[in-house]
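One structure is given below, encoded as structure tokens.
Not measured: the values here are computed from a predicted model.
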Amino acid sequence: MPTLAVVLGVAFVTGSLLYGDSVRAAVNRARSNSQPDASVSITADPAAPHRLDDTLLRRLRALPSAAAARGVVEGRSFLVGSDGTLVGDLVQAAGVNYVPDGSGKDVRYPLTEGRGPRGATEIAVDRRTAERAGYRVGARVRIVVAGTALDARLVGVFTAHDSRVDSGGTLTAFDTATAQRHFAPAPKGYSAITLTAAEGTTDAQLAQRAQKLLPSGLRAVTRADLESGAVPGGDADKLTTLLLGFAGVALFVSTFLVANTFTMLSAARAREHALLRAVGATTNHVMRMVLTEAAVVGTVASAIGYGLGVGAAHLLGSLFDAAGAGSATVPALSAEPLLAAFAVGIGVTVLAAYVPARRAAAVPPVAALRTVQPSTAASLRRRNTIGLITTACGALLIAAAVGEPNLLFGAAPLLLVGLIVLTPLLALGLTGLLRSPLTRLAGVRGKLAVENARRNPRRTAATATTLMVGLAMVTAVTVAVTSVNRFDEREADRSMASDLRITAVDFGEVGEGTADRVARLADAEAVTPVIPAYFDLADKTPLSVTAVDPAAVERAASLTIREGSLDRLGQGIAVTEELAAAHGWRLGSRVTGTFTRASGRTPGAKADLPVVAIYDGPENVTPALVSRRALPRPVGAEDRPSIDSVLVKAAPGRTAALQQKIRRALDNPALLVQDRADARAAATARSAPFLNIMYAMLSVTVLIGALGVVNTMGMAVFERVREIGLLRAIGLDRGGVGSVLRLESVTISLFGSALGVVAGTAIGAAAVLGQESVPLVIPWDRTALFFLASAAIGVLASLWPGRQAARIPMLEAIGADTE
């Protein structure tokens, strides 16, 4: 059992390291190979007035040191699969421009089928995306660009050594003119320009010569500098760190199982150790003997754990798909994970066995003549004192963390450590409370079970601790997520001021013409886009405003007009009562300022707007409203207004029908058409994957806790052979022996579960109460489920030991030596 527990922890560590290394290697390999023709890249400062355009491209192309120059245009583009859903990781979905040479080929995107795109209705995609989407050359496909769904023909499939594809994303290639219309920061502009060094010219020389042709705000950067400045691991490093954190918890719990086992073995071998001392063995010899045994267990566990870790790394790759359909190759042998596996496995096992080894070495030679070991009540009293102090300090810090959330990172471990130290005292107290109920329910078997759990409080405590830590973390996460879900539901209800709301999927956007298309549908009484913007007042104070359709916003967003009217919103501004009071504005007051462009490259339009209305409304349309036509016209893709949502007021009784009409009319899987119930469900759905991952990771810790219960019960049977025989001799049958062990196992499991649930609830509650406006919600249904699961663990953990106990022949058991 200790070996299996360490195996699980080592596999967790090894799998995390191997998975992270494989993803990093794949992403770095793709990054290095993604632009084989790029020796130098020309990039622009976001605030620079100068842009990358054809004029600059021609000047750079004329450089004698440059063999070629390429204008790059990239942006967000989604591909709709043959099943009608979006393909790949949306954050990594990109559109690029295809730049053919004289033969019609692009060295950056070599074709495997078909040809490159040549018009606005033609695209090419990377090979992996075509396979996932189920498309072949010649197919009619649907793409989503700038929030609008478009039809196109797939004319080519190419290979792409691109980190976005290797991270699970998609690449959709357009001809340059089409890509510029969709993505260029300015008309006929580029996102970047890359240069290929001529023969005999180094990248650094080309960059130096190109820089002399660039205006201020533009930089020539070598390929090596770009790669060195890139984030080495990105999301893979974050995920690996998270997984290693869970592995650390699993190994921490494993130490209790290992320590408990060697403590029980040392007690069982007390006479053997005393005899060794009597014939001349020193204390160091006995200690080395025990630690060597632990090292052997750790070595075996490390070897097996490394092998399982390789499989775990493959499993992680398939679960998270962070490397994109298996592009990351997990090596069978890797030096760092291999060393980490043996260092962790042997180190944890030897460290956990150190205290039992010292106790074994401290057994005096005269103990060979004893039949009973002396009591350790004094040591237990010291432990209880330390535990009480530590637990009290942890509880005080947990309470203080409500006002200072950062304290929780120290308070939670301190509370758990205090409870771990205090568990022997708690075991005596809580199990004592169960004596009377279990005696009434199960008679003498219940009383025997409770007394067996109480006879060695240290052992009961160590066994319960393995369950407590895992369940405490599970409970804390559940309390926090449940509370946040309740907050999200309330926020969704408050923000859902209309019958229907159209929003984009994560990393998507709502197209400019979406509101107008919906407004033309029957049953749509009022439709307005919601466009966040900034209006810099004359004193340079930025004012957050929302651009809307003046004729529809009052009904679509359920506004309450306190003063004035929205009839003249097209030439003015409406403000909330709070904003009006803060600035001293009244109806007719003039608000002067400048609208900020989204790109920030050029100043927006100046405006002098009268206050035409004072209103109250939901948060997403406060604190000020202007007409969407008042916003400055975009000069490129970067200046397009970012539409947050589209609010729709349906005709009475026609909400569901209108929802279906909108979905059919837009035919865009990147847009979500939600009613109030959908909004609440979407608000809570975001946390479901996170909670499932937490449960999956922490389940390893809970499994180790279950192994601890099995281990303790198995050792108990080994130690109580004569006791079991005597019980059988006075009339307890095989089933009765098994029931005593089951009740004892369930008692220990429920004890550990109770400590874990209480500690986890306190930690989760402190985390929630430290967040403003988030209500504390205790998930009683999940808590009850945790207790039921603990009872099930207790029953299952006792099956094998109970069967072994029942198989012991009565006469052999009675004649067994108590030592």
Side-chain angles (χ1 to χ4, degrees), residues 80 84-86 142 144 147-149 485-506 508-532 546-562 564-570 574 576 613 615-622 625 627-629 643-686 688:
V80 182
T85 61
L86 299 177
R142 199 156 178 80
V144 180
T148 302
N485 281 347
R486 182 66 57 83
F487 173 78
D488 288 341
E489 287 179 349
R490 291 181 181 178
E491 288 298 300
D493 286 336
R494 277 199 293 265
S495 64
M496 192 67 181
S498 57
D499 295 330
L500 296 172
R501 181 177 64 188
I502 303 171
T503 58
V505 297
D506 291 342
E509 54 186 305
V510 180
E512 288 185 74
T514 301
D516 295 331
R517 292 176 64 185
V518 174
R520 291 193 289 268
L521 296 176
D523 298 327
E525 287 193 345
V527 180
T528 180
V530 175
I531 308 173
T546 303
V548 295
D549 186 339
V553 64
E554 184 175 353
R555 289 180 296 160
S558 302
L559 301 183
T560 301
I561 307 302
R562 301 298 183 185
S565 169
L566 296 180
D567 293 342
R568 294 193 304 117
L569 184 60
T576 60
Y615 73 100
D616 284 335
E619 186 176 350
N620 60 334
V621 290
T622 57
L625 296 177
S627 170
R628 60 172 169 167
R629 303 190 187 283
I643 302 175
D644 177 74
S645 60
V646 174
L647 305 182
V648 183
K649 172 70 174 177
R654 300 295 296 170
T655 300
L658 179 59
Q659 186 178 31
Q660 296 303 318
K661 288 181 181 179
I662 294 173
R663 287 172 176 165
R664 286 194 297 268
L666 298 179
D667 190 19
N668 186 347
L671 294 180
L672 306 175
V673 185
Q674 300 172 328
D675 58 15
R676 296 178 186 275
D678 294 333
R680 284 195 297 270
T684 58
R686 289 191 292 266

- Note on the structure: Applied to residues 662-676, the salt bridge (Lys or Arg N to Asp or Glu O under 4.0 Å) test, sequence neighbours excluded, yields Arg142-Asp667, Arg663-Asp678
- Note on the structure: By side-chain hydrogen bond (donor to acceptor under 3.5 Å, both in side chains), Arg490 pairs with (sequence neighbours left out) none
- Kindly state each residue pair satisfying side chain to side chain donor-acceptor pair (under 3.5 Å) with at least one member in residues 546-556, sequence neighbours excluded. none
- Task: Using salt bridge (charged side-chain N to carboxylate O under 4.0 Å, His left out) as the criterion, list what pairs up with Asp567, not counting sequence neighbours.
- Result: none
- Message: Going by the rule salt bridge (charged side-chain N to carboxylate O under 4.0 Å, His left out), which residues pair with Asp523 if we only count those two or more places apart in sequence or in a different chain?
- Response: Arg654, Lys661
- Message: Suppose we screen for side-chain contact (heavy atoms from CB on, under 4.5 Å). Which residues come up paired with Thr85, at least two apart in sequence or across chains?
- Response: Asp83
- State which residues pass side-chain contact (heavy atoms from CB on, under 4.5 Å) with Pro669; sequence neighbours excluded, sorted by chain then number. Val80, Leu86
- Message: Check this for me: Gln660, atom CD, are more than 12 non-hydrogen atoms of other residues, nucleotides or ligands nearer than 6.0 Å?
- Response: yes
- Query: Which residue pairs pass the salt bridge (Lys or Arg N to Asp or Glu O under 4.0 Å) test with at least one member in residues 508-520, sequence neighbours excluded?
  - Reply: Asp516-Arg628
- Task: Please list, chain by chain and in numerical order, all residues satisfying salt bridge (charged side-chain N to carboxylate O under 4.0 Å, His left out) with Arg629, sequence neighbours excluded.
- Result: none
- For Asp499, enumerate each residue passing the salt bridge (charged side-chain N to carboxylate O under 4.0 Å, His left out) test, keeping only those at least two apart in sequence or located in another chain. Lys649
- Return the set of residues passing side-chain contact (heavy atoms from CB on, under 4.5 Å) with Thr576 (not counting sequence neighbours), or none when no residue passes. Glu578, Leu579, Tyr615, Thr622, Pro623
